[in-house]
Amino acid sequence: MQARIRAACLAAGRRAEDVTLVAVSKTQGVDAVRAALAAGQLHFGENRVQEAADKFSTLKETHPQLRLHLIGGLQTNKARLAVRLGDVIESLDRPKLADALADAMAREGRTPRLLVEVNVGDEPQKSGVPRADADRFIASCQERFGAALVGLMCVPPAAGDPAPHFAWLAACAARHRLAVLSMGMSADYETAIAHGATHVRVGTAIFGARAGALPQTLPLER
Ligand SMILES: *Cc1c(COP(=O)(O)O)cnc(C)c1O
């Protein structure tokens with residue numbers, strides 16, 4: 001995976017160290033995470049806060065360099081746990097959640113980095129701020145959270161070409177002077193890198209199919 005990311009960076013005229021691999025370990029057991037940690041992987045992504053807490057609370061104590069990214073749609077009643085646990089919260093997508101996160105950060109005395117998630121395909125079943133509201137919402141979050149708001153995240157529609165969506169998100173981040181672009185998954189991370197992704201969130205291409213058994217060695221280096 002790291003070698004393929006390096007190759008995609010080279011092809012795009014970018015430096016490999018500018019793209020961070022976030023290993024998406026949702027539904028995988030703690031053994032899979034330990035195997036990835038042993039292979040040098042430090043950034044992990046989870047889409048459910050409670051599952052993340054069950055898996056990572058202890059691991060974060062024993063591995064202080066581990067960075068946990070919360071990448072799933074977030075309910076306001078999980079904001080407190082998300083702030084306690086997450087190093088990066090990638091799914092800030094509505095004013096009520098901004099309120100809940102601000103409150104949780106004050107109570108916890110902890111400030112995770114924040115990404116605004118944009119529903120780039122305007123799909124009704126997906127989380128993310130609608131495209132048309134993105135500029136206004138991002139500006140309001142920048143005002144409220146200052147430098148803690150570092151970038152944007154998206155999950156383009158499963159069907160069709162993701163490239164125009166990645167290009168749109170990159171242009172939006174540039175408008176707001178945001179450095180972090182979390183985009184690209186197993187099927188499209190190379191395209192995302194070509195469009196400026198700084199973080200790719202890869203699950204199945206590392207860990208295999210989500211219900212299946214863990215491969216003997218994880219293809220992190222390849
Ligand atoms: C599951 C998930 C991923 C990883 O998807 P793969 O196709 O397994 O690489 C990335 N981002 C989000 C938000 C996810 O929920």
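We count ligands from 1, going down the list as the structure has it; atoms in each ligand are counted the same way.
Under a 3.5 Å cut-off, the side chain of Asp93 and the backbone N or O of Gly128 do form a donor-acceptor pair. A donor-acceptor pair under 3.5 Å is absent between the side-chain atoms of Arg110 and the main chain of Arg107, judged by distance alone. Although no hydrogens or angles enter the test, the distance criterion places a donor-acceptor pair under 3.5 Å between the side chain of Lys126 and the main chain of Pro156.
In summary, the side chains of His176 and Asp135 do present a donor paired with an acceptor at a separation below 3.5 Å, with no hydrogens or angles considered. For the residue pair Glu117/Ser91, the side-chain donor-acceptor check at 3.5 Å is not satisfied. A donor and an acceptor atom, one from each side chain of Arg131 and His165, are located under 3.5 Å apart.
Among protein heavy atoms, the minimum distance from atom 11 (N) of ligand 1 is reached at Arg201 NE, 2.9 Å. When hydrogens are left out, the protein atom nearest atom 5 (O) of ligand 1 is Met185 CE, 3.7 Å; that is the closest non-hydrogen contact. The shortest contact between atom 1 (C) of ligand 1 and any protein heavy atom is with Lys26 NZ, 1.4 Å. Distance from atom 13 (C) of ligand 1 to its nearest protein heavy atom, with residue and atom name: Ile71 O, 3.6 Å.
Applying the 4.0 Å criterion to heavy atoms of Val202 picks out, from ligand 1, the atoms 9 (O). The atoms of ligand 1 that sit less than 4.0 Å from any heavy atom of Ser186 are 6 (P), 7 (O), 8 (O), 9 (O). Near Gly203, meaning under 4.0 Å from any of its heavy atoms, are these atoms of ligand 1: 4 (C), 6 (P), 8 (O), 9 (O).
In this pair, His199 and His43 present their aromatic rings perpendicular. The plane angle is above 60°, beyond the 30 to 60° band.
Ligand 1 has no N or O atom lying under 3.5 Å from any N or O atom of Asn47, backbone or side chain.
Neither the backbone nor the side chain of Glu90 comes within 4.0 Å of ligand 1, counting heavy atoms alone.
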